[in-house]
Protein chains: 2
Amino acid sequence: MNSYIEQNKDRFLEELFEILRIPSVSTDASFSADIKKTAEFVKAKLESAGAENVEVVDTPGNPIVYGEKMVGDDKPTVLVYGHYDVQPADPIELWESPPFEPEIRDGRIYARGACDDKGQMYMHVKALEVMSNEGEVPCNIKFMIEGEEEIGSNNLGWFVDNHRDRLDADIILISDTDMLGLDTPSICTGLRGLSYVEVELTGPSRDLHSGLYGGSVTNPINALCEMIESLRDESNRITIPGFYDDVEVVTEAERAKMGLAPNKDEQTKKELEIDELDGEEGYTSLERTSIRPTLDVNGIWGGYTQEGAKTVIPSKAYAKISMRLVPNQSSDAITELFTKHFESIAPKGIQVKVTPHHGGEPAVTPIDSKGFKAAELAMKDTLGKDPIPVRSGGSIPIVAMFKEKLGLDSVLFGFGLSIDAIHSPNESYGVQNFLKGIEAITRFHYHFSKA
Amino acid sequence: MNSYIEQNKDRFLEELFEILRIPSVSTDASFSADIKKTAEFVKAKLESAGAENVEVVDTPGNPIVYGEKMVGDDKPTVLVYGHYDVQPADPIELWESPPFEPEIRDGRIYARGACDDKGQMYMHVKALEVMSNEGEVPCNIKFMIEGEEEIGSNNLGWFVDNHRDRLDADIILISDTDMLGLDTPSICTGLRGLSYVEVELTGPSRDLHSGLYGGSVTNPINALCEMIESLRDESNRITIPGFYDDVEVVTEAERAKMGLAPNKDEQTKKELEIDELDGEEGYTSLERTSIRPTLDVNGIWGGYTQEGAKTVIPSKAYAKISMRLVPNQSSDAITELFTKHFESIAPKGIQVKVTPHHGGEPAVTPIDSKGFKAAELAMKDTLGKDPIPVRSGGSIPIVAMFKEKLGLDSVLFGFGLSIDAIHSPNESYGVQNFLKGIEAITRFHYHFSKA
């Protein structure tokens with residue numbers, strides 16, 4: 001298998017570059033033509049890799065690409081999930097090379113989506129090509145590649161409901177997470193959920209002169225800062241009543257096992273150029289980002305934000321606030337708790353409007369399933385070491401949805417690294433991670449067919 | 001005099017519309033051509049009104065228009081100050097008519113600068129024309145019209161120093177404040193000072209994925225909210241150490257006199273569509289906006305602020321913060337206190353940069369000067385009632401500067417109203433205020449020449 005990948009790696013990379021050049025930003029409607037173009041690209045490549053019945057399926061939102069390679073009813077079936085949409089590129093001025101003009105520097109591919117998730121999704125397309133051309137495809141493989149993951153997979157549930165007949169499988173395979181490193185392989189065993197809201201505060205019905213009214217009217221920006229500040233206490237615990245009620249208490253045993261993972265605090269501080277890390281009292285950084293829920297303001301704006309000075313008390317102030325959730329918190333329930341609480345703490349003279357964006361449920365994947373064992377073996381074959389099971393702080397809401405709607409477990413077979421800067425300027429993905437990932441995926445299908 | 005104003009009022013208004021159509025926004029460099037155009041317009045109109053030695057004087061910043069009408073060494077001299085620059089128009093979408101396409105609705109002129117200060121400044125130009133054409137100009141009048149008032153009059157001091165010889169006078173006359181109403185005339189006797197800073201918080205050196213890092217790294221937006229919240233306590237007093245040390249304690253007697261002014265709280269709540277007013281404990285709204293200092297966030301921004309949702313922990317967060325000052329606070333001293341304190345409260349993992357914008361000193365004008373008495377008489381002649389002396393919450397930093405550099409008191413002869421919405425969308429100015437203002441100014445010069 002190595003030989004085929006070795007002989008074709010330049011073409012594999014050139015094809016990845018092609019898809020990375022299409023700005024398929026799902027959160028901004030102005031890119032909808034590029035979304036369609038990207039879906040068509042995935043369809044074409046699946047077909048040339050040997051997939052059959054490949055189709056760009058329309059949904060109420062962005063299309064989903066479906067395809068399959070069936071090799072026999074006696075073989076197990078793997079349903080591969082991935083997404084071809086990407087996060088916005090801004091702030092664009094911070095990119096060292098244009099986000100949609102991929103280039104390789106120091107063995108890394110720099111582009112929006114290089115890792116999340118075009119790079120990782122495309123490994124599966126190329127793995128099929130490898131298996132089709134070398135030896136045989138050991139099990140049935142179905143592909144379901146969506147275009148709304150970065151905005152909450154709003155129509156994936158619709159697709160699953162309406163195409164239930166196509167989706168029978170034994171396991172779901174997803175490469176949309178990271179690992180500790182090619183030299184310390186790991187497999188993600190859990191994901192955090194998400195509750196994401198936008199808040200709008202309205203004070204006076206019009207912008208005011210801060211000299212004539214300053215001191216006598218509640219300023220919505222000051223009010224927003226006070227309300228946000230009050231959402232966490234000194235120990236960085238979230239103060240929303242009931243917020244922690246359903247939080248899964250992780251056993252000391254599991255926390256001890258987590259403690260075995262290499263402590264990356266010093267590396268993180270260096271990499272991010274900060275003097276100190278901080279978070280909820282009583283937990284390590286790894287715990288804070290995996291087994292504990294959090295609240296972060298992702299965006300804030302109000303008043304005069306351009307060049308120079310304007311002495312204004314604005315009528316409105318806004319913020320985008322997200323909470324990462326852990327088992328067994330429910331996204332809807334937390335969104336409701338947040339809304340109720342946030343409205344209740346509005347000061348005099350301020351009206352509050354809370355609008356929920358997308359959410360997602362937390363998930364834990366079993367580490368004793370046939371799929372997980374096949375993933376462990378594939379990792380060891382490819383990277384020479386047994387992978388460590390770790391939880392990820394990110395969210396892939398659809399894992400919980402698949403379990404609920406299809407009754408299927410997922411294997412989170414991710415090859416990203418923390419340095420990939422996904423969702424950030426200068427997102428990148430290691431060329432070796434891409435190529436090793438292709439190899440590991442082919443090995444996964446082999447081991448899973450034997451399991 | 002009335003007759004001449006009556007006969008020419010349509011032309012007066014049309015001329016005002018002409019200058020209002022030029023977007024002379026001083027805080028945004030892209031309007032510099034319009035700034036020059038506006039200065040030339042003022043020059044031309046001063047000349048046609050009868051002024052001599054009119055000149056557009058270059059400065060290190062925006063030009064200052066100077067002109068004079070000298071009628072005799074035996075006559076007293078009035079130095080008229082005004083400004084032709086305006087605040088930005090944004091948020092433009094909230095204007096009912098375009099900000100730079102003036103129109104009259106219900107007897108009010110709607111445009112950016114209609115009142116602040118093009119409308120009020122132009123009253124002085126027309127008053128000169130009235131006096132030149134009817135009867136005589138009773139005293140020497142000098143005009144000094146600048147283009148940087150909205151950004152801190154940075155070069156007015158330079159002008160005063162370099163053109164000291166031209167500026168001998170007995171009093172300074174300024175129309176850049178408001179009154180209680182045409183039916184309850186008032187004259188402003190005091191102004192607040194200003195300290196205006198921009199703060200930049202830097203957390204991680206790049207934007208981060210809030211799932212992978214959320215909970216383990218200090219988010220600069222959360223930090224900014226916490227720091228801003230801590231700047232005021234529950235009683236809305238500012239917590240910056242030393243902030244109140246120099247605040248002038250207003251006597252109970254003066255506070256009692258202020259209490260005689262009509263209470264506008266209900267009217268304000270209705271006008272601004274808010275259920276409650278709020279401010280520093282123990283003071284009325286009028287006191288909160290005149291004899292007490294305040295702190296307001298005028299603008300805030302950071303992270304993802306566009307359509308949809310982005311799960312990011314930004315590298316940076318920003319705010320523009322201004323403090324209104326009262327006698328005897330010093331703008332520089334307060335800016336220094338703020339900077340020292342704000343840097344000291346930065347949480348773990350956050351770097352703070354504070355950049356001062358323009359500031360200005362508070363000022364109180366004497367109510368026993370010849371100028372003030374002439375203003376009282378002119379108001380009574382024009383509006384039929386004795387004006388009430390009141391302090392304004394706004395800032396005209398140059399009043400203190402004139403006192404210091406020229407040793408001259410100022411008379412704040414303003415005809416705006418609180419409903420004018422200066423610095424806001426739909427700024428307006430009453431047609432009657434404009435016309436009555438012209439008449440009152442001519443009467444002022446008459447009374448001052450006799451004083």
Side-chain angles (χ1 to χ4, degrees), chain A residues 27-28 87-88 151 192 196 204-212 214-219 221-222 225-226 228-229 272-274 276-279 285 288-289 292 294 296-305 307-313 322 324 348-349 357-358 393-395 422-425, chain B residues 27-28 87-88 151 192 196 204-212 214-219 221-222 225-226 228-229 272-274 276-279 285 288-289 292 294 296-305 307-313 322 324 348-349 357-358 393-395 422-425:
Chain A
T27 198
D28 185 340
Q87 283 273 320
I151 53 174
R192 289 198 287 188
Y196 197 117
S205 54
R206 60 175 171 87
D207 288 5
L208 302 175
H209 184 295
S210 68
L212 301 185
S216 68
V217 169
T218 304
N219 178 329
I221 302 179
N222 292 68
C225 291
E226 289 160 16
I228 288 172
E229 186 277 340
L272 304 181
E273 299 168 38
I274 47 182
E276 289 191 83
L277 299 176
D278 196 19
S285 295
R288 288 165 172 171
T289 55
R292 298 299 297 172
T294 64
D296 273 295
V297 183
N298 303 111
I300 192 166
W301 67 103
Y304 185 70
T305 60
E307 186 195 344
K310 185 180 179 189
T311 50
V312 64
I313 294 175
S322 69
R324 295 284 171 174
K348 291 181 186 175
H357 279 288
H358 70 276
S395 302
I422 63 174
H423 293 210
S424 304
Chain B
T27 200
D28 184 341
Q87 283 273 318
I151 52 174
R192 290 198 285 189
Y196 197 116
S205 54
R206 59 174 171 88
D207 288 4
L208 302 175
H209 183 296
S210 69
L212 302 185
S216 67
V217 169
T218 304
N219 178 329
I221 301 179
N222 291 69
C225 291
E226 289 160 17
I228 287 171
E229 186 276 340
L272 303 181
E273 298 167 38
I274 46 181
E276 288 191 85
L277 299 176
D278 197 19
S285 295
R288 288 165 172 172
T289 55
R292 299 299 296 173
T294 65
D296 272 295
V297 183
N298 302 113
I300 191 166
W301 68 103
Y304 186 69
T305 60
E307 186 194 345
K310 185 180 179 189
T311 50
V312 63
I313 295 175
S322 69
R324 295 283 170 174
K348 291 180 185 174
H357 278 287
H358 69 277
S395 302
I422 63 173
H423 292 209
S424 304

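Each chain gets a letter, A, B and so on, in the order the sequences are listed, and its residues count up from 1. For clarity, every value in this text was computed on a predicted model and none was experimentally measured.
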Engineer: Please check if the side chain of B/D296 supplies one atom and the backbone of B/S322 the other of a donor-acceptor pair under 3.5 Å.
Structural biologist: no

Engineer: Quick one: of B/E276, B/H358, B/R192, who has the most non-hydrogen atom pairs under 4.5 Å with chain A?
Structural biologist: B/E276

Engineer: Please check this pair: side chain of A/T218 against backbone of B/D278, looking for a donor-acceptor N/O pair closer than 3.5 Å.
Structural biologist: no

Engineer: Measure from the side-chain N and O atoms of A/R292 to the backbone N and O of A/S285, and report whether any donor-acceptor pair falls under 3.5 Å.
Structural biologist: no

Engineer: Side chain, backbone, both or neither: which part of A/L272 has an atom under 4.5 Å from a heavy atom of chain B?
Structural biologist: both

Engineer: Can you tell me which of B/N222, B/I151, B/I228, B/D28 forms the most heavy-atom pairs within a distance under 4.5 Å of chain A?
Structural biologist: B/N222

Engineer: What part of A/H209 lies closer than 4.5 angstrom to a heavy atom of chain B: side chain, backbone, both or neither?
Structural biologist: both

Engineer: Are side-chain heavy atoms of A/L277 and B/V217 found at a separation under 4.5 Å?
Structural biologist: yes

Engineer: For B/T27, give me all partners under side-chain hydrogen bond (donor to acceptor under 3.5 Å, both in side chains), at least two apart in sequence or on another chain.
Structural biologist: none

Engineer: What option among A/A309, A/G299, A/P204 has the most heavy-atom pairs under 4.5 Å with chain B?
Structural biologist: A/A309

Engineer: Is any side-chain heavy atom of A/T311 closer than 4.5 Å to a side-chain heavy atom of B/Q87?
Structural biologist: yes

Engineer: Could you check which of B/I300, B/D207, B/L212 has the highest count of heavy-atom pairs closer than 4.5 Å to chain A?
Structural biologist: B/I300

Engineer: Among A/G308, A/G279, A/G303, which has the most heavy-atom pairs under 4.5 Å with chain B?
Structural biologist: A/G308

Engineer: Heavy-atom cut-off 4.5 Å, strictly under: side chain, backbone, both or neither for A/Y304 against chain B?
Structural biologist: both

Engineer: Picking from B/G302, B/P425, B/P88, which has the most non-hydrogen pairs under 4.5 angstrom with chain A?
Structural biologist: B/G302

Engineer: Return the CG to CG distance between B/N219 and A/N298, rounded to the nearest 0.5 Å.
Structural biologist: 7.5 Å

Engineer: Between A/S210 and chain B, with a heavy-atom cut-off of 4.5 Å, which part of the residue counts as in contact: side chain, backbone, both or neither?
Structural biologist: both

Engineer: For B/T294, is it the side chain, the backbone, both or neither that has a heavy atom under 4.5 Å from a heavy atom of chain A?
Structural biologist: side chain

Engineer: Does any backbone or side-chain atom of A/R206 lie under 4.5 Å from a heavy atom of chain B? Answer side chain, backbone, both or neither.
Structural biologist: side chain

Engineer: Among A/R324, A/E226, A/E307, A/R288, which residue forms the greatest number of heavy-atom pairs with chain B at distances under 4.5 Å?
Structural biologist: A/R324

